[in-house]
Structures are given as structure tokens and as C-alpha cells.
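What you are looking at is a predicted structure, and each value in this text was computed from that prediction instead of being measured.
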Number of protein chains: 2
Amino acid sequence: MAIRQRRVTITDVARHAQVSTTAVSKVLRDAYGVSEAMRLKVRAAIDDLGYRPHNAARAMRGRTFTIGVLLPHIRNPFFADIIDGLTDEISAGGYQAIMVQSGGRDPAAERRASDALVDRQVDGVFWVAPACARAQLEQLAEDTPLVVLGRHDRSSRYDCVLDDDEVGAELAVEHLIGLGHRRIAHIADSLVSRSTALLQTIRAATYERVMTEHGLAGHIAVASTSYTEEGGYAGTRELLSRDPRPTAIFAGSDQAAFGALAAVHEAGLTVPGDISVAGYDNARVTGLAHIALTSVDQDGALMGRTAGRLLLERIGGRTAAVRFSVTPTLVTRRSTAPPGPE
Amino acid sequence: MAIRQRRVTITDVARHAQVSTTAVSKVLRDAYGVSEAMRLKVRAAIDDLGYRPHNAARAMRGRTFTIGVLLPHIRNPFFADIIDGLTDEISAGGYQAIMVQSGGRDPAAERRASDALVDRQVDGVFWVAPACARAQLEQLAEDTPLVVLGRHDRSSRYDCVLDDDEVGAELAVEHLIGLGHRRIAHIADSLVSRSTALLQTIRAATYERVMTEHGLAGHIAVASTSYTEEGGYAGTRELLSRDPRPTAIFAGSDQAAFGALAAVHEAGLTVPGDISVAGYDNARVTGLAHIALTSVDQDGALMGRTAGRLLLERIGGRTAAVRFSVTPTLVTRRSTAPPGPE
DNA sequence: GGCTGGATGGGTAACGTTACCCACTCCTGA
DNA sequence: TCAGGAGTGGGTAACGTTACCCATCCAGCC
């Protein structure tokens, strides 16, 4: 390894500005008790020396100005929308987001990822779609400001940002029914078994409820795989092999819908001629003309921005729990149409 | 903020195991000079107390067991393949990857992102597709083990992982020419102006070279936008407005190709009937049947794994620079076909 | 018997920053 | 005139870990 030249420290800055390290620290943190003259003098010294605070040292005593983000996986394009919003919101305050993949399905891996952030002393955690037990979230929230995205359980310890998945799923299923479909299948995530608070569970349950309410209980068909392209693909293959096969598929996520489109196509069927497909998330790619997927929109950027704001508030001292719910809308595109004649 | 209960520290472990903190530290680091009995005793105490090392404190003295990953943006699905490979490789050694978005185009933002990792005292940096000046990389490499993905400049200070973009671009363009196309356009990234070592530059230059070699210099048509969906979309709209319009488009990345497909579709043209489209990266989505994009494959997972291995080696003490080059292959799918009759 | 050296364990001073206190100077109002 | 407080600056002890060094023990050898 190359020889590391010594970093410029707060002591160097203090010496150069002819003040105490305490004074420099105060300027850095915008703390109370600093005159304008002092501020200018210190800032000048910082610029002169090219000083940057050493984050690890900060972490030993106070803040790190770091937000930890836990994502199941970066492959999901919808997460990119969310992160854009988050970054927007927190970067003004000098905060930096660091992202870690949680894996999403393996509880041990998920726990390791969350520990990794805590051990790195982040000031707050933004956890997207956690699959763990609620108790684990509560426990984490005791140590660190926490905002959770996409879970419906209520907690007094952390904030929740979510879309109303019941409304969203209803929109999608009602849309398909409205087009005249009866054999509407659903691609679910097998994590539904873990908790009723998971968005996956709610979307699946709502699908069944709406079907039942329209007298279509007999046509309920669920492939329980995962909210990924592979999951959508495998689930759709399974659904297509049933007899009679469905005329429409409501995939629980856009990624799964992508896999569904592929499977339909591969089976020599057309969308929406033979099968209509609807997704959920309205990630930006789904709007592209060659894909044109009907999807439930839940403004990821807004959710990300809100999560950022809530985290900053919590870091600032708020303890009361907040719940921010977005009402989704349906964006109709070319992947859904009335069923063909039988 | 909730009252944080004091963390379990190395001192607690030492007291519980009735040994010194030094001994515990040695066990944690697998350092020399620890008997088997000591090891067992300390491990038992660690388990009893549920101790986890405090990373920030570690960072003050030694390693953090953290690899910092700089990505232009998480939206690019190809990066997911790379990260999967990296994670695979480093997690065995107890390392954790943390990701930061570099923005990719704004030099100041990119610099901030790289600083953020250095300030967080990562043991090594894996920088995907940096757009900054080579000097900045060299400087970073002086302080921190560095592996760069996707740049062609040689350095004695850091390792490079790349695919042979000249071969890749050649494969794509030759393929289109072989199909009978003459008016083949290219969607480039406007960053090409910054350095001849950027993969964008090489792909664009190779396109022009191959066209020229086949006597098609007069048909060279480049839309210089960016390697994103928006870029591909805007670039393609521009290309389609030319007269005569191209019969094939070689997009410099799959994401750009996605945008291109959308624009072609929106113009009421078909792929590959009216226009053939080829991409680059062969991210997993491109293989899905409803997309079926012809693309240049460069085994992202292998590149990620290799990057991880090289970083661990560097952290372990290697100083000689390594250059790992993957030879790309062409994966032909339904988005390319011979041109229609004029 | 004394010397050497490997194996093992521990003591201690950093690492760079901030929280917590205290000191000093003015100014205000009784 | 003086107490009290606001405004400003600094001294110092942590935070949890590890690098570096030293102490001890014991086997093996001259």
C-alpha cells in the first residue's frame, strides 16, 4: 500500500487560524457561540489547507452526517426513483447517503446489512421494504432514527412512508375487471407468509378481496414467486400452463411484470391481444413506448424526498412517530385491453 | 431521539472473558500470538454479550473491513450484475460493500462522492466508470487501494477491470454491416470529449473506424447525448428526423438502447422491420423475450468478482498494478435483422 | 546452570473529533 | 455601583479500537 501522507486535521486548521480546535469544531458544526469574524477566519483556514472532517473520528463523539439506506437490491429500477428523491432532500443539509443491499429474502443477510450500517455509525437509517420481524425494526429504532418505506404496521418508534397498497391493487384489478376480464391472475411474492404488514401481503389480499367482491372468487389464481423478473417469468409460465389460462395478469411489481411480459411473449402469445398485463410501481422505464406497461403509480421521488425530510427531523430531535401515505393512481398504457373473443 | 443504551465494547468482552482488551482485539483481527484456548474463551465471551466491533473506532486506528463502491447511478441495470459479483467475492473475507452514487456527469458531485468514501475511511474503493481526470484517480490511489472499472488509461497506482470496448463495438457494428445495413447511426455519450480513455470514447471511435473501413464513412451519423434512457430517446428522435434516416442504430449502452427502442416505437416504426437496434452491456433484462435486444455481452458478474479479488489483494499489500480485460461477445436477438427493401 | 528465542499475554499511547465545562468581556438594569 | 446574563472563546476528557512495545514463561541447547 502506498504511504499515506498525514491528513489535515482540525488541529492544523486551528493552528493556521490561530484559534482553538474547539472554535474550529464549532464553526464546522454551525454550533452556537461563534462570532462572524471567527467564522470567516476559520473558513479561510479550512479552504487554505483543504481540510475535510474525518468522519470516523466524528463518529466517535457525535454525528457522521451520513444516512444509511437499506435496499433489498439495486436491480429494481423503482428504487432509483426513490433514491433520487432522498438524495435531493438530504444533500442540502450536508448529509450523504450510503447504500447497502439487504438481500431482501434471507433474514440473516438482512440482519447483517442492518448491523453493518449501525456499526458504521450512521445518523439515521432509511430502510426500504424490510422483510424482517417488526420487533427488529423497533429495536433498531431505539438506537437510531429510522424511516421505513413500504410497510403497513404502525409503530411509535419509527416513521413510515408508504403508498396505500390497498387502493393501488384495487385500481389495477378493477381496471382489468372493467375491461371485461374475469380470469385475472396475480403474481405474488412468497414473503407474504411472513407478515400481514408487508406490501406484498396487502396487494395479494386486496386482489383476492376485489375478485371476490365481483363474484370472481372462482377465478382467483395466484402464482407465489417473487417480485423480480425471474419471479414474474416463472410465475407466468406456471399460470399459462393452467387450463383455462388467465386472460389478464396483475403482477405485484413492475419487475415481475417485466418477467411476465417475457414469458407471455415466449409462449407465442401477444400482449394485450391474448393477455393483458398490469404492474405496480410505475418505475420510469415502464413508460417507454416499446414497453408501455399499465402500472400503478406511487411517486417514488416524493416518497424518497419525504423519507429524507422525516429522517432529518428525527435526527433533529423529533420523537413522535409520523406516517406518510401516498395515494396511488393508475397509469393506463398499451399492455392492457379488453379480452379477445373466446 | 431515543436514549441509546451503551454499546457492548471490547472492554466489556475483555472483562467478561477475564483477559486484556489487547487479547480480544487480537482474536478479532485474527492476529498473531493467540493460543487456541484464548481464542475459544474470547469467542465465547463475544457470543455471550452479543458484541460487535465499533467500526468508527476501528477506523481511527486500522481497518474498517469496508469497500466503498462508486456508481454513476443505480438506475443502470448492468451495475446490478457487477455488484452481485463484487459482493460474492468480498463477503467471505468479512468485508462489506457500501455504495455511493457519483452522479457521473457533474465533476464536482463526483468529487464529493469520492471524498465521502475516503472520509468514511473505507479500506478500498471500487470506482465504476469514473468520468474525472486521470490525475484525480492517481491521487486517490495514493491514499487508498483502488480498482477502476471501465477506463482504458494505464496506471501504475491502481488496478483496472475492463472489457475490450474496441472488440465489443466492432462486433456490434460488423454485425449490422453483415446484415446489409449501410446507414448505421450511433448514440454516443457526450462525455467522450473529456478523455480518450473513457469507454464511451472508445466505442464511438471504433464505430467511426469500422464504418470507414467498410467504405461507409459517408454514412457516419452520431447523436451525442448520454448513456441513459433519456439520452437514447432524445438521440434517436434526432437521428430519425434526418433524411435519409438510418436503418440501424448502435447504442453505446443498453440503457440508451432502451430509449432508442421507445423512440422508434413512438415514431410509428418497427424494430427490426424499419430499424435495427443493438445495445451494449447485455444487462440481464435485455434478454427478456419481449425486449430481445441484440447486445454486446461483457460478463458483469465476472468483472465484479475480479474487482473484489483485486481489491482484497491490494489491501493485503500488493502494489504492482494489474489490468484485467474481458473479451466481449455478441449476443444476437430479435432487435436486429437485415434492412427492408428501400 | 545459564542463555536464547519462540510463544503468549498485557500495558499504553495514540487516532481526530466533540460534549461539557469554565473563563472572560461587555452590556443592561436596578 | 454592582449583580446578572448574554456573547464569545478555550481547555480537557472522553469515544472504542489497535499498533507498538514490553514482560513472562518455558523448552531446548551449549
Side-chain angles (χ1 to χ4, degrees), chain A residues 1 3-42 45-46 49-66 94 118-121 123 143 315 317, chain B residues 1 3-42 45-46 49-66 94 118-121 123 143 315 317:
Chain A
M1 198 166 8
I3 304 106
R4 304 191 180 210
Q5 52 202 21
R6 215 176 55 75
R7 253 185 106 97
V8 178
T9 73
I10 203 172
T11 316
D12 301 323
V13 176
R15 194 173 325 127
H16 192 257
Q18 312 222 46
V19 298
S20 71
T21 56
T22 302
V24 178
S25 173
K26 282 180 183 168
V27 171
L28 286 170
R29 290 173 293 125
D30 259 330
Y32 173 84
V34 185
S35 66
E36 193 50 31
M38 170 69 90
R39 193 180 311 281
L40 290 174
K41 194 161 52 173
V42 171
I46 288 174
L49 302 179
Y51 166 80
R52 297 201 315 262
H54 188 296
N55 223 273
R58 277 189 152 169
M60 297 284 293
R61 299 293 296 165
R63 295 194 185 168
T64 56
F65 293 91
T66 307
V118 172
D119 296 345
R120 277 160 190 79
Q121 215 70 15
D123 290 340
D143 293 334
I315 292 169
Chain B
M1 198 166 6
I3 304 107
R4 305 190 181 211
Q5 50 201 22
R6 214 175 56 76
R7 252 186 107 97
V8 178
T9 74
I10 204 172
T11 315
D12 300 323
V13 176
R15 196 174 321 130
H16 191 255
Q18 313 223 42
V19 298
S20 71
T21 56
T22 302
V24 178
S25 173
K26 282 180 183 168
V27 171
L28 286 170
R29 289 173 294 125
D30 259 330
Y32 174 83
V34 186
S35 66
E36 192 52 29
M38 170 69 89
R39 193 180 310 280
L40 290 173
K41 196 161 52 170
V42 171
I46 289 174
L49 302 179
Y51 166 80
R52 298 199 316 261
H54 188 297
N55 223 274
R58 277 190 152 168
M60 297 284 294
R61 299 292 296 165
R63 295 193 187 170
T64 55
F65 292 91
T66 306
V118 172
D119 297 344
R120 277 159 190 79
Q121 215 70 15
D123 290 341
D143 293 335
I315 292 168

Exercise. For the pair made of NZ in B:Lys26 and P in C:dG10, what is the distance, rounded to whole Å?
Worked result: 8 Å
Exercise. For A:Tyr51 and C:dT17, is the shortest distance between a side-chain N/O and OP1 or OP2 below 4.0 Å?
Worked result: yes
For this session: Kindly point out which of C:dT12, C:dT8, D:dG10 is positioned nearest to the side chain of A:Ala23?
Result: D:dG10
Exercise. Does B:Arg7 place a side-chain N or O at less than 4.0 Å from the phosphate oxygens OP1/OP2 of D:dC15?
Worked result: no
Exercise. Under 3.5 Å, is there a donor-acceptor pair between the A:Thr11 and A:Arg15 side chains?
Worked result: no
For this session: Provide, to the nearest angstrom, the distance between the CE atom belonging to B:Met60 and the P atom belonging to C:dG16.
Result: 6 Å
Exercise. Closest to the B:Ser25 side chain: C:dG10, D:dG10, D:dT18?
Worked result: D:dT18
Exercise. Rounded to the nearest 0.5 Å, how far apart are NZ of A:Lys26 and OG of A:Ser20?
Worked result: 7.0 Å
Exercise. Counting any heavy atom closer than 4.0 Å, what does B:Thr22 reach on the DNA or RNA strands: base, sugar-phosphate only, or nothing?
Worked result: base
Exercise. At under 4.0 Å, does any side-chain N or O of A:Ser35 touch on OP1 or OP2 of D:dG9?
Worked result: yes
Exercise. Of A:Val34 and B:Thr11, whose closest DNA chain D nucleotide lies nearer the 5' terminus?
Worked result: A:Val34
For this session: Provide, to the nearest angstrom, the distance between the CZ atom belonging to A:Arg52 and the C1' atom belonging to C:dT17.
Result: 16 Å
Exercise. Taking CZ from A:Arg58 and P from D:dA14, how many angstroms apart are they, rounded to a whole number?
Worked result: 22 Å
Exercise. A:Ile10 CD1 to C:dA19 P: how many Å, rounded?
Worked result: 11 Å
For this session: Would you indicate whether the side-chain heavy atoms of B:Leu28 and B:Tyr51 approach each other to under 4.5 Å?
Result: yes
Exercise. Any donor and acceptor pair, going by atom type alone, linking the side chain of A:Arg39 with main-chain N or O of A:Ser35 inside 3.5 Å?
Worked result: no
Problem set entry | Residues A:Asp123 and A:Thr64: side-chain donor-acceptor under 3.5 angstrom | yes
Problem set entry | Any A:Thr9 side-chain nitrogen or oxygen under 4.0 Å from OP1 or OP2 of C:dG16 | no
Problem set entry | B:Arg61 side chain near C:dC15 phosphate (N/O to OP1/OP2, under 4.0 Å) | no
Exercise. Tell me: CD of B:Gln121 to C1' of D:dT17, nearest whole Å?
Worked result: 13 Å
Exercise. For the pair made of CE in A:Met38 and C1' in D:dG7, what is the distance, rounded to whole Å?
Worked result: 12 Å
For this session: Send over the distance from B:Asn55 CG to D:dT17 C1', rounded to a whole Å.
Result: 11 Å
